[in-house]
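This report concerns only the one structure given below.
On a predicted model such as this, the values are computed, not experimentally measured, just so you know.
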Amino acid sequence: MSEAQPTLPQPPPQDPSHQNRSSKDIAAESFPQQTNQTSLQSLPVQTSSAPAPELAPSVQRCGKCDLQMKGSFVRALGSTYHLDCFKCMDCGQIVASKFFPITEPDGKQYPLCERDYFRRLNLVCQSCGGALRGSYITALDYKYHIEHFTCSVCPTVFGPQDSYYEHDGKVYCHYHYSLCYAVKCAGCRTAILKQFVEINRNSQDEHWHPECYMIHK
């Protein structure tokens with residue numbers, strides 16, 4: 001079982017086309033029964049200027065397909081493109097209305113959609129797959145939107161100071177972890193969530209709450 005603990009995120013690389021927004025860090029103590037750590041972090045919001053479609057001059061070629069420009073086109077990244085040719089480098093989504101530039105090893109700049117830009121920065125919510133543009137929770141080596149860090153069974157949302165339980169990489173509230181996975185005390189038959197006594201009796205292992213064992217031993 002864990003509680004949130006503060007960490008400080010590394011902001012993504014700055015770009016002239018992006019504007020920064022102030023961020024806020026939230027901290028909490030770590031829960032004594034869990035080695036996992038949860039942290040609430042903030043990321044400066046990234047924005048990109050959307051290239052405005054223009055009418056193509058009589059002689060000009062697309063920077064992607066090299067065909068002559070006709071009708072509307074996009075002027076961006078030092079070149080011009082057909083609207084249908086200006087796509088995310090990773091997923092192929094058309095990004096004529098909004099894009100994030102990235103410089104590849106060849107020195108050229110290419111457009112990315114929002115999700116792939118943040119994915120390359122390892123800033124994607126484990127739950128919904130969306131970009132983490134503001135504050136977020138880090139837990140179990142994953143990142144989550146604050147509202148998406150919930151119990152795997154019910155909609156209980158865990159804040160930065162709330163306790164949670166982990167099993168096989170999934171997060172559970174107290175009730176559902178006790179119901180589904182916690183070892184039961186041989187005396188009172190309720191879940192054991194902290195210290196316990198383990199004994200072997202008649203070739204069978206038994207687990208007890210310490211107070212129950214003192215009564216029934």
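- One hydrophobic cluster holds both I102 and L132 under the rule that ILVMFWY side chains link at heavy-atom gaps under 4.5 Å.
- Contact between A96 and V74 at its shortest, heavy atoms only, is CB-CG2, 3.8 Å.
- Taking each heavy atom of V95 and C88 in turn, the nearest pair found is CG2-N, 3.9 Å.
- Heavy-atom minimum distance, G169 versus L140: O-CD1, 3.9 Å.
- How far NE2 of H82 is from CD of Q68: 8.5 Å, rounded to the nearest 0.5 Å.
- In this structure the side chain of R115 never reaches within 4.5 angstrom of the side chain of Q93, judged on heavy atoms.
- With a 4.5 Å cut-off on side-chain heavy atoms, R133 and E114 count as touching.
- The minimum heavy-atom distance linking G129 with V124 is given by the pair O-CG1, 3.1 Å.
- One finds the CG atom of D116 at 11.0 Å from the CZ atom of F100 (value rounded to the nearest 0.5 Å).
- When the side chain to side chain donor-acceptor pair (under 3.5 Å) test is applied to Y110, the partners found at least two apart in sequence or on another chain are D106.
- Other cluster members for V157: none, since no ILVMFWY side-chain heavy atom sits under 4.5 Å from it.
- Other residues sharing the hydrophobic cluster of Y175, ordered by chain and number and joined by side-chain separations under 4.5 Å: L179.
- In this view, Y181 and H167, Y172 satisfy the ring-ring contact (aromatic ring centres under 6.0 Å, His included) rule, not counting sequence neighbours.
- A distance of 12.5 Å separates SG in C125 from OH in Y142, rounded to the nearest 0.5 Å.
- Annotation: salt bridge (charged side-chain N to carboxylate O under 4.0 Å, His left out) contacts of D90 (sequence neighbours excluded): R119, R120.
- Here the closest heavy-atom approach between residue F149 and residue A139 is recorded as CZ-CB, 3.5 Å.
- The two atoms that bring H176 and C154 nearest to each other are CE1-CB, 3.5 Å, heavy atoms only.
- A heavy-atom distance below 4.5 Å is not found between the side chains of F73 and C62.
- Between the NZ atom in K98 and the SG atom in C113 there is a gap of 10.0 Å [rounded to 0.5 Å].
- Y164 OH to I137 CD1: the interatomic distance, rounded to the nearest 0.5 Å, is 9.0 Å.
- Follow the hydrophobic side-chain contacts under 4.5 Å out from I94 and you never reach F99; the two are in separate clusters.
- Evaluation of the side chain to side chain donor-acceptor pair (under 3.5 Å) rule for S127 yields no partner, not counting sequence neighbours.
- Applying the side chain to side chain donor-acceptor pair (under 3.5 Å) criterion to D66, with sequence neighbours excluded, gives no partner residue.
- Here T138 contributes atom OG1 and K143 contributes atom NZ; the two are 5.5 Å apart, rounded to the nearest 0.5 Å.
- The side chain to side chain donor-acceptor pair (under 3.5 Å) pairs that include a residue from residues 146-159 are H145-H148, where partners are two or more places apart or lie in different chains.
- Side chains of C151 and F158 form a contact here, defined as non-hydrogen atoms less than 4.5 Å apart.
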